[in-house]
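Reminder, nothing fancy here: chain letters follow the sequence lines and each chain counts from 1.
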Protein chains: 2
Amino acid sequence: MNKETLSTIAKRTGYSVTTVSRVISGNAASHRIPENTAKAIMDEVKRCNYTPSAIAKSLRTSKSGTIGLILPSVANPYFAEIAGAVIAEAKAKGYFTIVLDTMEQKKNMEECARILYGRQVEGMIVIPSGDDPSLLERLDSHLPIVLMDRSYDYSTLSYVTTNNYEGGLMGTRLLIKSGHTRIACIQGEKEMPVSERVKGYRDAMREAGLEENISISGNEFSAHCGYLETALLLSSEDRPTAIFALSSTILLGAMKAIKEHQLMIPDDIALLSFDDNLYMDYTTPVITRIRQPLEDMAKLAVKILFGRIENTLTASSQLRLSPSLITGESHKTCHSPTEPSVLQGN
Amino acid sequence: MNKETLSTIAKRTGYSVTTVSRVISGNAASHRIPENTAKAIMDEVKRCNYTPSAIAKSLRTSKSGTIGLILPSVANPYFAEIAGAVIAEAKAKGYFTIVLDTMEQKKNMEECARILYGRQVEGMIVIPSGDDPSLLERLDSHLPIVLMDRSYDYSTLSYVTTNNYEGGLMGTRLLIKSGHTRIACIQGEKEMPVSERVKGYRDAMREAGLEENISISGNEFSAHCGYLETALLLSSEDRPTAIFALSSTILLGAMKAIKEHQLMIPDDIALLSFDDNLYMDYTTPVITRIRQPLEDMAKLAVKILFGRIENTLTASSQLRLSPSLITGESHKTCHSPTEPSVLQGN
DNA sequence: TTATTTTGCGATATCGTTTGTGCAATTGAG
DNA sequence: CTCAATTGCACAAACGATATCGCAAAATAA
């Protein structure tokens with residue numbers, strides 16, 4: 001069985017390529033092609049197991065039925081979850097998704113964007129790396145681009161992110177309301193999405209008249225970094241009574257350090273995490289955390305993208321979605337509980 | 001800036017499309033095109049930011065520089081890790097990867113395979129769903145397919161999987177050697193990769209003359225299923241002293257149930273898990289587990305795939321890689337410790 | 001019967017590349 | 001100065017689909 005094309009089928013059925021094409025792409029009716037002609041052709045198509053060349057079709061129509069998704073690392077469960085959601089949403093629109101991994105490098109990101117452009121994707125969703133939007137902005141004038149999870153300052157590119165500032169604020173306020181005063185925050189990386197969380201933390205501490213205590217080490221979200229920073233915090237003179245871990249991996253490191261210091265959560269030290277993860281429901285105690293609305297973000301990003309693909313949406317949309325609080329037991333305090341009933345109900 | 005093509009550049013530089021094409025695709029030298037001609041063309045290419053149409057190129061050359069990866073669910077961290085590894089390996093070979101998600105449905109899998117075929121991918125790596133290899137086998141005669149993680153019985157398709165039987169055997173033997181005799185095994189799903197693990201468990205129990213105790217519930221790897229099964233096991237008359245969780249999510253559920261029964265790991269009940277996951281190093285105690293060699297699997301799968309793409313490899317390769325044991329503290333026993341020194345050193 | 005409409009389908013150009021063939025102009029040899 | 005070899009480039013045919021015309025034959029109307 002060699003390669004099948006429209007013309008091999010045309011030859012065998014005795015009709016022209018034109019007619020065969022029309023039948024196969026479902027336009028038989030609008031071209032007054034009678035049922036039995038169509039049936040003869042479809043029978044042959046099935047018999048020889050013909051699959052149209054999507055590539056030739058794209059070349060001709062300049063529609064590829066494809067969107068691109070560029071992200072820093074598929075192996076990272078957080079991005080993987082986003083990828084899953086985007087793929088599902090796009091599929092629901094009849095599109096499929098090419099996923100490209102930049103390994104967190106701006107150079108790769110730009111190469112990926114070019115590759116997708118060359119492959120005629122009809123739009124792309126990008127979780128950007130680096131802080132220079134210029135290439136993406138240039139591409140955006142040719143095909144719609146929507147950023148996700150991260151955005152650039154001072155760029156007109158559309159984006160959908162979590163309101164990270166709000167998350168930082170919300171989390172810190174919860175800890176304060178729970179009676180903590182010495183609250184440390186472990187940052188992990190310095191750049192865009194996290195720095196907003198830190199701002200939220202800062203403002204919450206300020207508004208309560210409390211002293212900030214921010215740990216930055218390395219420039220990554222590693223569990224090891226969380227471990228080291230926590231160990232340092234715990235051995236300080238007036239150690240904090242609560243730690244706000246700005247990512248789920250930092251949380252893991254923090255938990256390990258706390259265990260090694262033989263402290264109990266939350267009695268000796270309270271914990272709050274950014275990001276949600278299955279295991280957090282299964283730890284002792286259940287971790288209180290700020291969950292980013294991944295599903296909604298993906299849905300909206302795809303929706304905006306298709307709005308622009310179909311030209312029903314022209315203006316740039318910049319959206320920040322509110323994170324939500326998942327209340328566990330890890331954030332409470334035993335030092336000076338304030339309004340515990342309110343907290344429970346949260 | 002409208003759409004740039006070879007011919008717009010040809011027009012502006014005064015050369016022919018042919019020459020422009022040769023310069024751009026790096027074949028200037030072999031066609032005796034002088035340096036300054038090449039330079040003039042490249043300058044113009046840069047100036048107008050031209051990106052070749054990969055689609056047209058593929059159509060012409062029937063090479064797409066693309067492989068496909070079909071998997072059950074990108075959102076699942078286990079598959080996401082595989083995806084990351086495959087993408088990285090393919091990239092190292094100069095190829096890029098289209099990732100398609102089947103949502104664990106055979107029908108989707110087949111559609112995905114067709115789509116990729118139509119997109120002219122040069123090969124595909126598939127983590128199959130269902131138990132009917134016929135479509136994939138048919139496609140395999142047109143373009144190379146390599147299965148990963150799961151395989152079909154009685155199919156000639158190439159595959160690279162973990163030796164799940166060995167994993168089951170190894171894990172169970174470890175528990176036996178650690179002095180356990182009442183060892184339960186929680187299966188989760190019934191199909192291919194896991195059923196092999198169960199066989200290993202069975203054989204190990206038999207060879208030690210111990211009684212099997214296999215829990216199957218639902219047909220999924222859910223934490224909830226692990227929770228229910230464990231709760232059941234723990235409340236039975238002669239409850240097991242060790243539980244072998246055949247996936248990392250089952251492990252989570254098991255841990256929750258154990259905690260609720262106020263039992264200590266490993267003193268009251270020992271735990272062993274299949275699959276590796278960051279959090280397992282951060283639990284109390286550290287979880288002993290059977291790790292699948294994901295990286296190696298991905299490397300080999302890609303290597304085999306390219307062997308077939310480049311035609312240096314013609315026979316079908318069916319590989320089962322040995323899993324490895326990561327020794328934590330969760331598998332030990334306090335009931336009747338046997339050769340503890342040997343265990344420690346493991 | 002003739003004019004008109006409808007039915008059923010086909011030729012051909014085109015999308016943006018690559019590539020085999022070919023041919024003038026230049027250079028070098030004799 | 002003549003002839004061959006080399007240099008520098010272009011023409012045109014694919015690749016496999018779609019889309020714009022268009023046209024003969026059959027059906028219907030007048």
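- The shortest side-chain heavy-atom distance between A:Tyr15 and A:Ile9 does not fall under the 4.5 Å cut-off.
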- Query: Going through the checks in order, is the salt bridge (charged side-chain N to carboxylate O under 4.0 Å, His left out) test met by A:Glu111 and B:Lys91?
  - Reply: CA-CA 12 Å; A:Glu111 198 202 329; B:Lys91 192 193 159 81; 3.8 Å; yes

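- Between the side chains of A:Glu137 and A:Tyr152, no donor-acceptor pair is found at a separation under 3.5 Å.
- Spacing between atom CG of A:Leu6 and atom C1' of D:dC15 amounts to 12 Å, rounded to whole angstrom units.
- For the pair A:Thr66 and A:Val121, the minimum side-chain heavy-atom distance is below 4.5 Å.
- Side-chain N/O atoms of B:Thr19 include one lying less than 4.0 angstrom from OP1 or OP2 on D:dA10.
- By the salt bridge (Lys or Arg N to Asp or Glu O under 4.0 Å) test, A:Glu44 pairs with A:Arg12, A:Arg47, sequence neighbours left out.
- Nucleotide C:dC15 holds its P atom 18 Å from the CD1 atom of A:Ile55, rounded to whole Å.
- Dashed line: the shortest gap from a side-chain N or O of A:Ser53 to OP1 or OP2 of D:dG16 is not under 4.0 Å.
- We find that CZ of B:Arg119 is positioned 13 Å from C1' of D:dA17, with the value rounded to whole Å.
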Listing time: all N or O pairs from protein to nucleotides 20-27 of chain D that are below 3.5 Å?
| residue | atom | partner | partner atom | Å |
| --- | --- | --- | --- | --- |
| D:dT20 | O4 | A:Arg22 | NH2 | 3.1 |

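- Using modelled atom types and a 3.5 Å distance limit, the side chains of A:Ser64 and B:Arg119 yield no donor-acceptor pair.
- Heavy-atom nearest nucleotides on DNA chain D were determined for B:Leu59 and for B:Tyr15, and the one closer to the 5' end corresponds to B:Tyr15.
- Listed here is the closest heavy atom pair of A:Ala28 and A:Val23: CB-CA, 4.2 Å.
- Proximity of A:Pro293 to A:Thr162: side-chain heavy atoms (C-beta onward) are separated by under 4.5 Å at one or more points.
- Atom CZ of A:Arg60 is separated from atom P of C:dA13 by 12 Å (rounded to the nearest Å).
- Whole-Å rounding puts the B:Glu35 CD to D:dC9 P distance at 13 Å.
- Using a 4.0 Å heavy-atom cutoff across all strands shown, B:Thr61 reaches sugar-phosphate atoms only and no base atom.
- B:Thr37 comes within contact range of the sugar-phosphate backbone alone, with a heavy-atom separation under 4.0 Å but no base atom that close.
- C:dT6 atom C1' lies 15 Å from atom CD1 of A:Ile33, rounded to whole Å.
- Atom NZ of B:Lys63 and atom P of C:dT19 are 11 Å apart (whole Å).
- When the P atom of C:dT14 is taken as reference, atom NZ of B:Lys3 falls 17 Å away, rounded to whole Å.
- Side-chain atoms of A:Thr18 and A:Ser21 include no donor-acceptor pair closer than 3.5 Å.
- A:Thr5 comes within 4.0 angstrom of the backbone, heavy atoms only, and of no base.
- Among the atoms of the strands shown, only primed sugar atoms or phosphate atoms (P, OP1, OP2) are found under 4.0 Å from some heavy atom of A:Gly14.
- Across C:dG8, C:dA13, D:dC9, the shortest atom-to-atom separation from the side chain of A:Pro34 is found for C:dG8.
- Here C:dT19 is the nucleotide among D:dA17, D:dG16, C:dT19 with the atom lying nearest to any side-chain atom of B:Ser21.
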When you compare the protein's N or O atoms with those of nucleotides 3-5 of chain D, which come within less than 3.5 Å of each other, and at what distance?
none

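- Nearest to the side chain of B:Lys57, among D:dA17, C:dT17, C:dG10, sits C:dT17.
- Under the 3.5 Å distance criterion, with hydrogens and angles disregarded, no donor-acceptor pair is assigned to the side chains of A:Arg150 and A:Asn164.
- Listed pair B:Tyr50 / C:dT17 meets the phosphate criterion, a side-chain N or O lying under 4.0 Å from OP1 or OP2.
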